[in-house]
A.B. asks: 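Have a look at this one before I ask anything.
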Amino acid sequence: MKNFFISDIDNITPGKEVHVKGWAQDIRLMKNIAFIIVRDSTGLVQATVKRDCPDFHKLETLSRESVVEITGTVPEKVQSNIGREILVTSVELINMAEVPLPIGITDNVETDMDTRFNSRFLDLRKPEIGRIFQAKSAILWGIRNFLMSQGFTEVQTPKTVSAATEGGAELFHVKYFEKNIFLNQSPQLYKEMLVASGVERVFEVGPAFRAEEHNTPRHLNEFTSIDIEMGFADHHDAMHMLENAIAKGISNFLENVRDASSFSVVKEKPVTPFPRVSYLECIKILKGEGYPAVHGEDLNNEALKIIGKKFDGFYFITDWPTSVRPFYTALLDNNPEYTKSYDLQFREIEITSGAQRVHNPAELKRRIEDKGLDSDDFEFYLRTFKYGMPPHAGWGLGLERLVQVILGLPNIREASLFPRDRNRVFP
RNA sequence: GCCCCGGUAGUGUAGUGGCCUAUCAUACAGGCCUGUCGAGCCUGUGACUCGGGUUCAAAUCCCGGCCGGGGCGCCA
């Protein structure tokens, strides 16, 4: 196993011998001297090979992106402006890369997104692409650690389901032996059932599937949803949990990923609590700006852009009208036209949707039917409310969207290793 | 689901009916090379998405397919 990495060279005393294993990112071969820029997951080093090195002739056949092992010593004075150098005594060609490369790793030409995704394994070798996923990992671990510290239990629920769960979103149909079933759009009903099971604070990180034929920079047909549900809690509690989880995700990223603030648009831990603005206040803002907002309707993208300009970064829109929220959303105590619900926004992008939920089974059944759904289809869910269901609240957070807004990525596909969209199911 | 735009060497582009035997960059191959570092210089290889149609003539115009990017709707 390799246990010496290129960044470890920084701690080596000059004159000492090192073995470097990695990819030959660039090769500059001259008559009496050659330079190989070697890359591994921690950084770059220049391997300087002089004519008198017995392996000098091997470089004539070396192709870019081949895997090499290089032995040499660290010089007293580094002459490469990469900042790391080794003076080579031997070169092993471990596995040669074919030429030409399907896409350039360091070439001074842009590559279309589609072409990049067709050769995603090579695309990910670019440091500026690979670090997106270091950021994603660090953000997720920050959120996970926070939830664990708050007494949450991580669970896994089925992604194959027999009935449409929430209505609304289109689902993917799957053949399941002799049955026709669906891929789940969200773990919503399962996490509520687990609250009824006595798992008072529960979360899941897993895929969610939406068969919507959208083609936009902020939608994927398969995305990672971070979902929580808390028993004996209301929507305010859930919002507190959310803003703190996001703050922890961001601080974990900023503290643990090299040069994080140089490529992130969110450069410091956000201030909590995040601003809250109610749906009704949004309508007032829009009317004040001369935008024809219709009270009772969802806020469209153009409206959200106007609202987003009023806030710098993350903010909540609360108390949405009952007509635009799912059946399981609890109503405001003093006004059933509105709900105990909220979206977390970053400018016009919706990151999270959440609410306190209905916990009374009779009310829940009525709300299902009010939405024109058949309550018999939800019997597996409804019966969990009949034997002691506490008040509860939670949210679902789109991980790729969160990464997209934190890093300022122009397209959400950039935040998925192998994105799934309307046309792409490869690789 | 509706709408708009696009598809030229491995990669990215220029080219709006004849001057295209298709531009440039990058990559690749070969040559020169003095510690290079977006190395440089010279030579070379390499392309019009597919199928119909219009025309004396199509990369270029028209229709359709396939593929891609985006807007709306919907959502995370």
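Worth knowing before you read on, the calculation uses all heavy atoms, side chains too, and leaves out hydrogens, waters and symmetry mates. Order of the sequence lines sets the chain letters (A, B, ...), proteins ahead of strands, with each chain counted from 1.
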A.B. asks: Would one find a side-chain N or O of A:N301 under 4.0 angstrom from OP1 or OP2 of B:C72?
C.D. replies: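 True: A:N301 side-chain N/O within range (under 4.0 Å) of B:C72 OP1/OP2.
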
A.B. asks: Taking only side-chain N and O atoms of A:S353, does any of them lie within less than 4.0 angstrom of OP1 or OP2 on B:A76?
C.D. replies: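 So the side-chain polar atoms of A:S353 do come within 4.0 Å of the phosphate oxygens OP1 or OP2 of B:A76, strictly under.
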
A.B. asks: Counting any heavy atom closer than 4.0 Å, what does A:Q25 reach on the DNA or RNA strands: base, sugar-phosphate only, or nothing?
C.D. replies: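 Nothing: the residue A:Q25, judged by heavy atoms under 4.0 Å, touches no strand.
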
A.B. asks: I'd like to know if A:R276 and A:E243 make a salt bridge, using a cut-off of under 4.0 Å between side-chain N and carboxylate O.
C.D. replies: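 Yes.
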
A.B. asks: Looking only at side-chain N and O atoms, does A:R64 come under 4.0 Å of OP1 or OP2 in B:C28?
C.D. replies: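 Answer yes for this pair, as a side-chain N or O of A:R64 is under 4.0 Å from OP1 or OP2.
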
A.B. asks: Quantified in whole Å, what is the P atom distance between nucleotide B:G17 and nucleotide B:G1?
C.D. replies: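 Here B:G17 and B:G1 have their P atoms 37 Å from each other.
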
A.B. asks: I'd like to check, for A:F223, whether its ring lies over the base of B:A76 with centroids under 5.5 Å apart and a plane angle smaller than 30°.
C.D. replies: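 Yes, the aromatic ring of A:F223 stacks with the base.
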
A.B. asks: What is the distance, to the nearest angstrom, from the CD1 atom on A:I33 to the P atom on B:G40?
C.D. replies: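 Interatomic distance, CD1 of A:I33 to P of B:G40: 17 Å.
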
A.B. asks: In whole Å, what is the span from the CG atom of A:L101 to the C1' atom of B:C28?
C.D. replies: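 It is 10 Å, rounded to the nearest whole Å.
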
A.B. asks: OP1 or OP2 of B:C72 sitting under 4.0 Å from any side-chain N/O of A:N300?
C.D. replies: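 No, because none of the side-chain N or O atoms of A:N300 sits under 4.0 Å from OP1 or OP2 of B:C72.
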
A.B. asks: Check A:D26 with A:R28, please: is the shortest side-chain N to carboxylate O separation under 4.0 Å?
C.D. replies: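 Yes, this pair counts.
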
A.B. asks: Would A:D40 and A:K21 pass as an ion pair if we require N to O under 4.0 Å?
C.D. replies: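 Salt bridge absent between A:D40 and A:K21.
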
A.B. asks: Taking the side chain of A:R401 as heavy atoms from C-beta outward, which of B:G69, B:G68, B:C75 is closest to it?
C.D. replies: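 Comparing B:G69, B:G68, B:C75 against the side chain of A:R401, the answer is B:C75.
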
A.B. asks: Please report the distance, rounded to the nearest Å, between CZ in A:R28 and P in B:G40.
C.D. replies: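 Result: 9 Å.
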
A.B. asks: Suppose you measure atom P in B:G70 against the same atom in B:G51; what distance do you get, rounded to whole Å?
C.D. replies: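 Here B:G70 and B:G51 have their P atoms 28 Å from each other.
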
A.B. asks: Under a 4.0 Å threshold between the charged nitrogen and the carboxylate oxygen, would A:E350 count as salt-bridged to A:R218?
C.D. replies: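 No salt bridge links A:R218 with A:E350.
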
A.B. asks: Hey, does A:D114 reach any base, or is it just sugar-phosphate, or nothing, if we go heavy atoms under 4.0 Å?
C.D. replies: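 Answer is sugar-phosphate: A:D114 comes under 4.0 Å of backbone atoms only.
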
A.B. asks: Among the candidates B:A25, B:G1, B:C75, find the nucleotide nearest to the side-chain atoms of A:V109.
C.D. replies: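 Looking only at heavy atoms from C-beta outward on A:V109, the closest nucleotide is B:A25.
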
A.B. asks: Between C1' on B:A76 and CD1 on A:I246, what's the gap in Å once rounded to a whole number?
C.D. replies: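 Atom-to-atom, A:I246 to B:A76, this comes out as 11 Å.
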
A.B. asks: Please report the distance separating the C1' of B:A25 from the corresponding atom of B:A9, rounded so that it comes out in whole Å.
C.D. replies: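 My reading of the C1' atoms in B:A25 and B:A9 gives 12 Å.
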
A.B. asks: When you measure from the centre of the six-membered ring of A:F311, is the NZ or CZ of A:R347 under 6.0 Å away and within 45° of the axis?
C.D. replies: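 No, cation not above the ring by the 6.0 Å, 45° rule.
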
A.B. asks: Out of B:U36, B:C75, B:U11, which has the shortest distance to the side chain of A:H219?
C.D. replies: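 Looking only at heavy atoms from C-beta outward on A:H219, the closest nucleotide is B:C75.
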
A.B. asks: Applying a 3.5 Å limit to both distances, which nucleotide forms a Watson-Crick or G-U wobble pair with B:C24?
C.D. replies: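 When the pairing criteria are applied, B:G12 turns out to be the nucleotide that pairs with B:C24.
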
A.B. asks: What is the distance, to the nearest angstrom, from the CD1 atom on A:I105 to the C1' atom on B:G12?
C.D. replies: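 So the two atoms are 15 Å apart, to the nearest Å.
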
A.B. asks: Given B:C2, is OP1 or OP2 found less than 4.0 Å from the side-chain N or O atoms of A:N215?
C.D. replies: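 Checking B:C2 against A:N215, no side-chain N or O comes under 4.0 Å of OP1 or OP2.
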
A.B. asks: Kindly point out which of B:U34, B:G10, B:G69 is positioned nearest to the side chain of A:N32?
C.D. replies: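 Of all the options, the side chain of A:N32 is nearest to B:U34.
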
A.B. asks: If the P atom of B:C56 is compared with that of B:G7, how far apart are they to the nearest Å?
C.D. replies: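 One P to the other, the span is 27 Å.
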
A.B. asks: Side-chain N or O of A:N423 versus OP1/OP2 of B:C67: is the shortest distance under 4.0 Å?
C.D. replies: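 No, A:N423 has no side-chain N/O under 4.0 Å of OP1/OP2 on B:C67.
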
